[in-house]
Amino acid sequence: MKIKLTLSLLFFLIISSPLYAQEVNDSATEVLKTKILGKLKNFTFGLYIDAYYNMTLNSWTDTSNIVPFSANCPIQDQIRLNVAALEFYYNAEKVRAKLAIQYGDAPNLLAAPDMQFIKTLRQANFGFRIIKDLWVDFGYIFNPVGVESSWAVLNQISFVTVGGYFEPGSVLGVKLSYKFNEQFSGGIMVGNPFSLAYAQNIHMAGLIFLKYQPLQNLAVSYNNFFGNQALYDAEIDNNILYNNFIVTWSPIKSIDLTGQLDIASQTNSHMKPDSNKTATMFSGFLQARYSFAKFFSITARYEMMNDPNGFLTGVNPYILRGDKTNGVALSLEYKPVSFGYIRVAYRYLRGLPGSKLFASETLDDMHALIISTGVRF
């Protein structure tokens, strides 16, 4: 009897063990799924595609298809892909991360041949919350200087001003940002700059960014960029201080106004024979957008840039000084959906008489009709 009872207990244990193991396994799987799904809820991703046609109206003497001073929409008289990009974001209570991968004419133009990773990498960074409203971020981070972007979708007018073309680019480094209150925020950045106008070097650059928003429809920003821009083997230093001021105001719901002023100075950058003196550059623009008929808006802009000693633009051999430009643009936008747009714009840009900035160094001015369209969701 005892033997039969023992065998019965063993048999029961044998057949019940898989069931018990299955229950444990199911429980572990559910816990794992919960953890994974809990993290995935903090992820978002996006897709951005932008195409354009840049028709220069007075380009009959042009032997190059690249339009000067173009941070985007750079190839003339062809239907082109400006940007195709994937965006990934992670936002949780104490950690965040951003990754954007891009392809197209705009990233190809702004990347030096020896910096191939920048061609496809728009940003790649992650950060931690130290205390409430205080964050530290690491990686390849946007420079806060300037309200314009090489991504047309982020601009009211697709193409960037000449001043925007020469603004400092993204920084590979660390950023500390803090929100003081609902009206005031700011921070500092330290790192190595990567951009067209500022060659990468072993010197570190610093940035300060501040934003004050006294009213919901009014914001004032100050951003700067400073550091030694000389290459590693240079015998002298080129210390730059680039100041950027931005004001945005919406007096009524249908009108947006934007003003920007850049003032930059750099040591040991004056034209000869006073090459040890400090050189200065000014640029800026005024812009107004009026929205009407629900899906339409029109934007007008005036821009100017003056770099008399050419420390950003280089010395023009025809006028023996740095470049000076001014211009106007008018853009009509149609948004058939909230995440898409079609824009038709006219641009006029002029350099100093005899500067020959356009059409393969044959013309002082440029007229262009630029059509751009894109979606971002």
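The shortest side-chain heavy-atom distance between N244 and F209 does not fall under the 4.5 Å cut-off. Between P107 and V83, some side-chain heavy-atom pair lies under the 4.5 Å cut-off. Between T267 and I236 the shortest side-chain heavy-atom distance does not fall below 4.5 Å. Looking only at side-chain heavy atoms (C-beta outward), N82 and C73 come within less than 4.5 Å of each other. Side-chain atoms of V95 and F126, non-hydrogen and from C-beta on, never get closer than 4.5 Å to each other. Residues F358 and N58 have side chains not in contact (no heavy-atom distance under 4.5 Å, counting atoms from C-beta outward).
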Test log, rule ring-ring contact (aromatic ring centres under 6.0 Å, His included), inputs F180 and Y178: CA-CA 6 Å; F180 298 92; Y178 183 63; 4.8 Å; yes
Could you walk me through whether D50 and V153 pass the side-chain contact (heavy atoms from CB on, under 4.5 Å) test, one step at a time? CA-CA 8 Å; D50 178 272; V153 66; 5.8 Å; no
What's the verdict on side-chain contact (heavy atoms from CB on, under 4.5 Å) for D307 and F166, showing C-alpha distance, side-chain angles and the deciding distance? CA-CA 11 Å; D307 182 23; F166 286 104; over 6 Å; no
Carefully, step by step, assess F159 and Y165 under the rule side-chain contact (heavy atoms from CB on, under 4.5 Å). CA-CA 10 Å; F159 43 89; Y165 176 77; over 6 Å; no
side-chain contact (heavy atoms from CB on, under 4.5 Å) between K356 and D364: does it pass, once the steps are laid out? CA-CA 5 Å; K356 300 182 180 181; D364 299 334; 4.0 Å; yes
Before giving the answer on salt bridge (Lys or Arg N to Asp or Glu O under 4.0 Å), spell out for D133 and K179 the whole-Å C-alpha distance, their side-chain angles and the decisive distance to 0.1 Å. CA-CA 5 Å; D133 297 326; K179 183 179 180 181; 5.6 Å; no
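Remark: R376 fails to qualify as a cation-pi partner of W151 under the 6.0 Å distance and 45° angle criteria applied to the six-membered ring.
Of the inter-residue distances, the one linking D256 atom CG with S250 atom OG reads 3.5 Å to the nearest 0.5 angstrom. Residue N309 holds its CG atom at 11.5 Å from OG of S265, rounded to the nearest 0.5 Å. With values rounded to the nearest 0.5 angstrom, L215 atom CG is found 8.5 Å from Q213 atom CD. With values rounded to the nearest 0.5 angstrom, N326 atom CG is found 8.5 Å from L352 atom CG. Separation of atoms CG (N243) and CZ (F282) is listed at 10.5 Å; rounding is to 0.5 Å. Note that CD1 of I157 and CG of L330 are 7.5 Å apart. Values are rounded to the nearest 0.5 Å.
The side-chain contact (heavy atoms from CB on, under 4.5 Å) check on L176 picks up L134, V136, I188, with sequence neighbours excluded. By the salt bridge (charged side-chain N to carboxylate O under 4.0 Å, His left out) test, K335 pairs with no residue at all, sequence neighbours left out.
In terms of modelled atom types and a separation under 3.5 Å, the side chain of N224 and the main chain of I208 share a donor-acceptor contact.
Around the CZ atom of F45, the shell of radius 6.0 Å holds no more than 12 heavy atoms that belong to other residues, nucleotides or ligands. Within a 6.0 Å radius of NZ in K175, other residues, nucleotides and ligands contribute more than 12 heavy atoms. For CD1 of I79, the number of neighbouring non-hydrogen atoms (other residues, nucleotides, ligands) closer than 6.0 Å is 12 at most.
Q260 pairs in a side-chain hydrogen bond (donor to acceptor under 3.5 Å, both in side chains) with only one of the listed residues (Q287, E167, E303), which is E167. Under the side chain to side chain contact (heavy atoms under 4.5 Å, CB included) rule, T313 has a single partner from M281, R321, M305, which is M305. Screening N65, V67, D62, T56 for a side chain to side chain contact (heavy atoms under 4.5 Å, CB included) involving D77 leaves a single residue, T56.
The aromatic rings of Y212 and F184 stand perpendicular to each other, their planes meeting at an angle above 60°, with 30° marking the opposite boundary.
Contact record, Y52 with I75: OH-N, 3.0 Å, taken as the closest heavy-atom pair.
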